[in-house]
Student: 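Dropping the structure in here first, questions after.
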Amino acid sequence: MTEDAVVDVPDRELLTIGSFAARARLSAKALRLYDRLGLLAPAHVDEATGYRYYRAGQVEQARLVAMLRQLDMPLARIAEVVAAGDGPTAAALLGTYWADVEARVAGQRTLAEYLRGRLSGRSSEMYERFAVETVEVPAQVVITETRHVLAGELPAWIGASLGRLESAARECGGVTAAPFVVYHSEVSMESDGPAESCVPVADEAAARAWVERHGRAQGTKVRIEPAQRLAYTRITKAQVAHPQIMAAFEAVEEWITREGLEQAGPCREVYFADWEATGAEDPVCDVAFPVS
């Protein structure tokens, strides 16, 4: 006898897996999977036969699990929604997940458009959107925080680390120039840099004293950033997002080669505007390379 067969159920309110599957418009195989994944447990399992039995009231939960799986929702998040039951909490959990999906798809759509431009030989058209200039930057005392970080973690870390350093700068004579982030190696979904957040400060002795007192826990250091010439392009807040910022970096690299210059150090992002106070089309950042 199979599990789906008609049997004398232990409780007349219980349904065999076959009957329940028919009501839920799911397969018995799917129900066994949901049980194994901890998403929908049977109301009763016969100890002798191992047969599963369900209550009619579990039909809506079974359908909910099936629909959430169609959204490619991770199992752990499905479990959270199911545990929340019907109501605003479950709806909010679904809303948060779907906002994440839409953000990821929007990023992938932009990346696909960027890659189509590169693969179709239209890179020069993309680079023409960026005006590249040079600037002489004097030597600076900087307090820094270095971290191995992947691309997905980068925006949050930049904001947090620069916030910590700018707070520390109040004890180091104050901030003297725009904060910046140096990339000592590639940061991507597979490569974790490291990246270095830097805030120029006025008082080297005070900075070194602050690091001695507080900075070691965060991996904070003090160093002298040498005087250098930067080739840079200015981008808006919207263009800081990946992959638009990749095109900006490549445009500067292409300009450096065309002008017969050489890169003289790691690339960087210089944040000269108040991030929270700016809009999507406002200039906020210079993408730059030291050159010689």
Side-chain angles (χ1 to χ4, degrees), residues 1-117 119 149-157 187-192 238 241-244 246 280:
M1 181 181 296
T2 67
E3 186 179 1
D4 294 342
V6 177
V7 297
D8 186 16
V9 297
D11 183 332
R12 290 300 174 183
E13 294 183 357
L14 296 179
L15 303 171
T16 64
I17 191 171
S19 298
F20 183 78
R23 289 198 186 189
R25 298 192 293 276
L26 297 168
S27 68
K29 180 180 179 181
L31 292 173
R32 295 188 192 99
L33 175 63
Y34 296 170
D35 182 16
R36 188 165 67 250
L37 297 176
L39 300 176
L40 180 67
H44 173 74
V45 178
D46 189 289
E47 294 183 0
T49 64
Y51 291 171
R52 297 166 174 83
Y53 299 92
Y54 296 82
R55 295 191 183 279
Q58 292 180 282
V59 166
E60 288 305 313
Q61 183 177 339
R63 292 175 179 171
L64 173 62
V65 171
M67 288 186 287
L68 292 175
R69 282 177 60 80
Q70 290 179 34
L71 295 177
D72 294 326
M73 182 178 282
L75 299 177
R77 298 185 76 162
I78 291 178
E80 291 178 0
V81 174
V82 170
D86 293 338
T89 300
L93 289 169
L94 175 58
T96 299
Y97 167 72
W98 194 247
D100 292 343
V101 170
E102 291 185 323
R104 184 180 71 250
V105 171
Q108 291 173 330
R109 183 183 302 112
T110 303
L111 177 58
E113 292 171 356
Y114 165 77
L115 291 173
R116 274 200 300 269
L119 294 171
V149 60
L150 296 172
E153 307 159 329
L154 186 62
W157 176 75
V187 174
S188 66
M189 299 306 293
E190 292 81 27
S191 179
D192 63 354
H242 181 88
Q244 292 94 319
M246 292 170 54

Student: Quick one: closest heavy-atom pair of L71 and Y97, and the distance?
Tutor: O-OH, 2.7 Å
Student: Any salt bridge (Lys or Arg N to Asp or Glu O under 4.0 Å) pairs touching residues 72-84, not counting sequence neighbours?
Tutor: R77-D100
Student: Over all heavy atoms of both residues, which pair between V187 and A151 is shortest? Give the atoms and the distance, please.
Tutor: CG1-N, 3.8 Å
Student: Please report, to 0.1 Å, the donor-acceptor pairs under 3.5 Å made by any side chain of residues 63-70, with sequence neighbours excluded.
Tutor:
{"from": "R63", "atom 1": "NH1", "to": "E60", "atom 2": "OE2", "distance (Å)": "3.3"}
{"from": "R63", "atom 1": "NH2", "to": "R23", "atom 2": "O", "distance (Å)": "2.5"}

Student: Y54 and side-chain contact (heavy atoms from CB on, under 4.5 Å): which partner among L14, L31, T16?
Tutor: L31
Student: What's the shortest heavy-atom distance between D46 and T49, and which atoms?
Tutor: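 Looking at all heavy atoms of both residues, the closest pair is OD1-N, 2.9 Å.
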Student: Would you say the side chain of D192 lies within less than 4.5 Å of the side chain of E153, judging by non-hydrogen atoms?
Tutor: no
Student: Taking all non-hydrogen atoms of both residues into account, name the closest pair between V82 and Q61 and its distance.
Tutor: CG1-NE2, 3.2 Å
Student: Taking side-chain contact (heavy atoms from CB on, under 4.5 Å) as the criterion, tell me which of I17, L40, L37 meets it with R32.
Tutor: I17
Student: At their closest point, which heavy atom of A84 faces which heavy atom of T89, and how far apart are they?
Tutor: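 Where A84 meets T89 most closely, the heavy atoms are CB-CG2, 3.9 Å.
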Student: Minimum heavy-atom separation for A21 to S27, with atom names?
Tutor: CB-C, 4.1 Å
